[in-house]
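Below, read A as the first sequence line, B as the second, and so on, with proteins coming before strands; counting in each chain starts at 1.
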Amino acid sequence: MRLKRDHHCGQLTEDLRDRIVCINGWVNARRDLGGISFVDVRDRYGIIQVRFGAELPESLLKEVKHLNNEDVVAVRGRIAVRPSDSVNPKIPTGTIELLAEDFALLNKAKPTPFEINKRQTGSEDLRLKYRYLDLRTAELQRNMQIRHHTAQVVRRFLSDKDFMEIETPVLMKSTPEGARDYLVPSRINPGKFYALPQSPQQYKQLLMVAGYDRYFQIVKCFRDEDLRADRQPEFTQIDCEMSFVDEEDVRSIMEVMIAEVFRKVIGVTIPLPLPVLSFHEAMERYGSDKPDLRFDMEICKLDELAAQTDFSVFKTALEQGGVVRALTIPDAADFSRKTMDELTEQVKKYGAKGLAYVKVDKNGLQSGIAKFIPAALVPGLLQHCKAKAGDLICFAADEWETALTSLGALRLMMAKHFGLINKDEYKAVWVTDFPLFEKDPESGRLMARHHPFTSPKTEDLDKLESDPMAVKARAYDMALNGYEIGGGSIRIHNRDLQSRMFKALGIGPEEAQEKFGFLMNAFEYGAPPHGGIAFGFDRLIMVLCGEDSIREVIAFPKTTTAQSPMDGAPSEVDPKQLDELHIRLK
RNA sequence: GGGGUUGUAGUUCAACUGGUUAGAGCACCGGCCUGUCACGCCGGAAGUUGCGGGUUCGAGUCCCGUCAAUCCCGCCA
């Protein structure tokens with residue numbers, strides 16, 4: 001190759017003045033002033049302005065004249081300090097330029113479907129189809145750099161703490177207990193299928209049995225469920241497991257890791273130790289098991305006051321074993337009827353039947369359900385809800401979890417509406433003491449809230465059969481700015497307890513042996529007490545990058561219909577392939 | 001599985017209450033210009049208004065269906 005590079009565009013400095021250097025890169029912009037023209041050449045490291053003067057050969061200048069954005073070029077020239085009135089303070093190399101002496105067009109580019117140097121052009125759909133072009137943008141290059149850096153910090157940290165990085169199989173046995181599995185047919189074993197791991201959970205527990213007492217892996221996981229802005233069908237976890245530990249051991253080492261990531265990658269200090277909230281407290285105060293602590297606006301408990309009102313909605317909810325909770329929204333008393341109707345629609349998505357409210361002014365309560373609240377209760381209500389004139393108090397009367405999640409969602413909407421969230425703030429918190437089980441609303445059957453390998457709290461062991469819904473789990477989640485970025489637990493390491501757990505979940509001994517026998521058998525050969533955690537690597541990067549969508553931090557993401565517009569996956573396959581796999585389509 | 005939003009030139013958007021030949025910036029093509037850096041100036045080309053149907057004298061606009069993207073609920077052990 002002629003004119004092979006010896007420097008990167010973004011690494012050129014004044015120290016190199018008068019040196020002859022050669023750069024390769026993409027045309028970021030061209031400014032043709034007639035006698036001279038300027039071409040900004042871009043590579044991964046930055047942008048340098050190249051000056052093509054009139055003294056250059058005619059043929060070369062003609063070629064430069066027809067350069068387009070994204071053409072791939074090579075330039076050899078002399079580094080020169082720019083005239084003082086021509087400095088560009090917007091770019092790091094703005095005090096210098098490259099005086100071209102030789103030039104080669106390495107490859108021509110068609111006009112791009114959207115503009116690389118203006119990221120607001122082009123729909124996301126289009127950008128995904130031409131992802132290799134989108135990845136050239138400064139925004140995605142920065143995000144990929146942060147992702148890379150984070151992975152290196154995590155590896156270094158865990159390795160220094162004696163964690164071993166061990167790869168686990170991608171083709172594994174299907175255990176369809178939680179999310180749907182992605183299945184892979186086996187050609188050699190007709191009619192049989194592998195599953196792609198939803199997480200390496202069983203393998204890492206087996207590694208503990210094997211004595212590898214500290215394991216980690218930055219690993220792809222797969223879940224065939226519907227997607228969201230923060231959910232992809234294939235995603236990456238920082239998966240960790242440790243032996244001879246309790247909850248505090250896992251949490252204390254992992255919060256140091258997260259703090260180190262924030263310090264080294266984006267220069268943010270996260271004070272340690274992190275606050276710890278019980279699931280119950282997180283729900284009661286913030287209406288969420290992944291609370292955003294960057295702003296206050298806490299929910300308040302209102303059962304006793306509500307019972308004294310004349311409002312039938314409150315009374316009915318309480319009689320049916322539900323609760324009444326309130327959220328005071330500061331300075332929202334001027335919300336229109338239309339706004340209130342919209343908010344009502346929003347909370348209904350979370351199962352609330354409606355949204356009762358009162359507006360507070362200097363004379364007391366106005367509008368909404370004010371007439372049902374006896375005057376004698378008003379001072380107490382205002383004090384309890386920390387409400388002042390100009391505020392709006394919203395009420396939810398419903399089953400406990402519904403009432404709180406509805407107000408929790410409202411709390412988030414209002415924080416965004418009033419701009420209460422500081423984008424540069426990072427508030428992490430541990431949420432603990434989750435219930436071990438939850439009820440499937442359709443079948444009424446018990447389901448593991450975390451997963452079936454989570455250990456119950458020791459003091460709740462005797463309630464596993466008699467009162468399972470009261471059993472707490474030795475589980476912990478890390479929430480960061482309202483995102484669940486990690487979750488883990490102390491695991492069951494005893495065959496009998498694991499059997500009791502499966503039984504509680506309605507999985508009989510035969511089924512348990514068939515599906516998880518390998519793990520349960522392993523427990524009989526000296527399984528150490530162990531526990532671990534998995535962080536959503538993509539979500540963590542998303543927060544580090546200040547992005548709202550996980551697609552912005554994944555090199556080649558899928559759409560919300562789990563497709564890849566760029567390569568057309570998933571696609572139909574040749575009938576011959578299906579035949580080899582012993583598969584016939586319906 | 002359900003609900004919301006969006007879909008107009010390569011691209012970002014506009015087009016009033018249904019009314020003339022669907023406009024503008026950027027990109028593209030041609031020309032001018034020796035200190036620009038989102039260069040500037042002059043000119044040009046560029047459209048199945050996502051797709052299919054309906055209402056109407058007349059549809060980018062209203063209605064029905066459909067497709068795609070996106071956001072949310074369910075779901076995500």
Side-chain angles (χ1 to χ4, degrees), chain A residues 28-40 47-55 61 65-66 68-70 80 82-91 93-94 97 109-130 175-181 197-199 201-202 221-233 235 342 345-352 405-406 409 412-413 436-438 440-442 446-454 473 475 484 487 489 501-502 505 507 515-516 536 548-549 551 558-561 563 565:
Chain A
N28 200 61
R30 181 173 59 90
R31 293 174 295 279
D32 181 358
L33 273 64
I36 59 168
S37 51
F38 298 98
V39 177
D40 293 341
I47 288 176
I48 183 72
Q49 171 171 283
V50 181
R51 180 188 192 274
F52 290 89
E55 70 282 0
L61 287 175
K65 207 171 183 60
H66 290 98
N68 292 95
N69 287 352
E70 303 311 314
R82 294 194 195 186
S84 58
D85 56 347
S86 296
V87 165
N88 181 2
K90 287 187 225 165
I91 58 172
T93 61
E97 62 190 347
K110 290 205 294 186
T112 49
F114 52 87
E115 288 163 61
I116 306 300
N117 47 21
K118 274 183 233 157
R119 193 134 196 278
Q120 60 275 22
T121 67
S123 64
E124 199 186 352
D125 190 17
L126 192 72
R127 289 179 169 277
L128 282 179
K129 190 169 176 185
Y130 297 94
T175 52
E177 278 310 298
R180 292 184 188 90
D181 282 328
Q198 300 173 22
S199 110
Q201 181 64 32
Q202 284 110 302
C221 301
F222 305 85
R223 291 180 190 170
D224 187 7
E225 294 293 346
D226 289 354
L227 309 180
R228 289 283 192 284
D230 63 351
R231 239 194 263 164
Q232 283 273 302
F235 59 99
E342 283 166 7
E345 282 311 304
Q346 291 297 317
V347 299
K348 277 185 177 172
K349 292 200 294 198
Y350 298 84
T405 48
S406 303
L412 280 181
M413 282 186 273
L436 187 62
F437 299 106
E438 59 191 354
D440 178 11
E442 282 162 34
L446 285 188
M447 311 213 306
R449 186 155 192 135
H450 188 50
H451 58 54
F453 314 109
T454 299
E484 182 197 323
S489 62
M501 182 71 184
F502 283 135
L505 291 167
I507 302 172
K515 282 181 177 162
F516 305 107
D548 294 322
S549 166
R551 295 184 295 272
K558 300 210 167 29
T559 68
T560 50
T561 48
Q563 297 176 6

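When the side-chain nitrogen and oxygen atoms of A/Lys110 are compared with OP1 and OP2 of B/G10, none of them lie within a distance under 4.0 Å. Dashed line: the shortest gap from a side-chain N or O of A/Asn88 to OP1 or OP2 of B/G35 is not under 4.0 Å. Taking 4.0 angstrom as the limit, A/Asn68 places a side-chain polar atom (N or O) nearer than this to OP1 or OP2 of B/C28. Regarding contacts with the backbone of B/C39, a side-chain N or O of A/Arg31 is found under 4.0 angstrom from either OP1 or OP2. In this structure, A/Arg30 does not reach the B/C37 phosphate: none of its side-chain N or O atoms is under 4.0 Å from OP1 or OP2.
Note on A/Phe114: nothing from the nucleic acid sits closer than 4.0 angstrom, heavy atoms only. In this structure, A/Ile91 reaches neither bases nor backbone, as no heavy-atom distance under 4.0 Å exists between it and the strands shown. Residue A/Val87 is classed as a base contact, given a heavy-atom separation below 4.0 Å to a base. A/Ala54 comes within contact range of at least one nucleobase, with a heavy-atom separation under 4.0 Å. A/Pro113 comes within contact range of the sugar-phosphate backbone alone, with a heavy-atom separation under 4.0 Å but no base atom that close.
Going from atom CD of A/Gln198 over to atom CG of A/Asp224 covers 9.5 Å, rounded to the nearest 0.5 Å.
Counting non-hydrogen atoms of neighbouring residues, nucleotides and ligands closer than 6.0 angstrom, the CZ atom of A/Arg82 exceeds 12 such neighbours.
Contact check on A/Arg31 versus A/Asp40 returns a salt bridge, with a Lys/Arg side-chain nitrogen under 4.0 Å from an Asp/Glu carboxylate oxygen.
Here the nucleotide nearest the side chain of A/Asp32, chosen from B/C37, B/C33, B/C76, is B/C33.
With hydrogens and angles left out, the side chain of A/Asp85 and the base of B/G35 share no donor-acceptor pair within 3.5 Å.
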| remark: In B/S/- notation (B base, S sugar-phosphate only, - none; protein heavy atoms under 4.0 Å), nucleotides 65-71 of chain B written 5' to 3' is ---SSBS
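Annotation for A/Ser489 and A/His451: closest pair OG-CE1, 4.1 Å, computed over non-hydrogen atoms. Taking each heavy atom of A/Ile47 and A/Asn28 in turn, the nearest pair found is CD1-ND2, 3.5 Å. Scanning all heavy atoms of the two residues, the minimum distance from A/Ala473 to A/Leu436 falls at CB-CD1, 3.6 Å.
Look at the P atom in both B/G19 and B/C13: the space between them is 23 Å, to the nearest Å.
In this structure, CD1 of A/Ile47 is placed 15 Å from P of B/C37, rounded to the nearest angstrom. Rounded to whole angstrom, the span from the CD1 atom of A/Ile36 across to the P atom of B/U36 amounts to 9 Å. Computed from coordinates, the A/Tyr350 OH to B/G3 P distance equals 17 Å when rounded to whole Å. One atom, CD1 of A/Ile116, and another, P of B/U11, lie 14 Å apart when rounded to the nearest Å. When rounded to the nearest whole Å, the span between CG of A/Asp224 and P of B/G1 equals 12 Å. Look at CD on A/Glu97: it is 17 Å from P on B/U34, rounded to the nearest Å. Going from atom CG of A/Leu227 over to atom P of B/G1 covers 14 Å, rounded to whole Å. Here B/U5 presents its C1' atom at 11 Å from NZ of A/Lys349, a figure rounded to the nearest Å.
Between A/Lys90 and A/Gly34, the residue anchored closer to the 5' end of RNA chain B is A/Gly34, taking for each the nucleotide with the nearest heavy atom. Taking for each of A/Gln346 and A/Gln201 the nucleotide of RNA chain B with the nearest heavy atom, the 5'-most of the two is the partner of A/Gln346.
For the pair A/Arg127 and A/Phe114, the cation-pi criterion (under 6.0 Å, within 45° of the ring axis) is fulfilled.
Checked by atom type and distance alone, the side chain of A/Arg551 never pairs as donor or acceptor with a backbone atom of A/Thr559 at under 3.5 Å.
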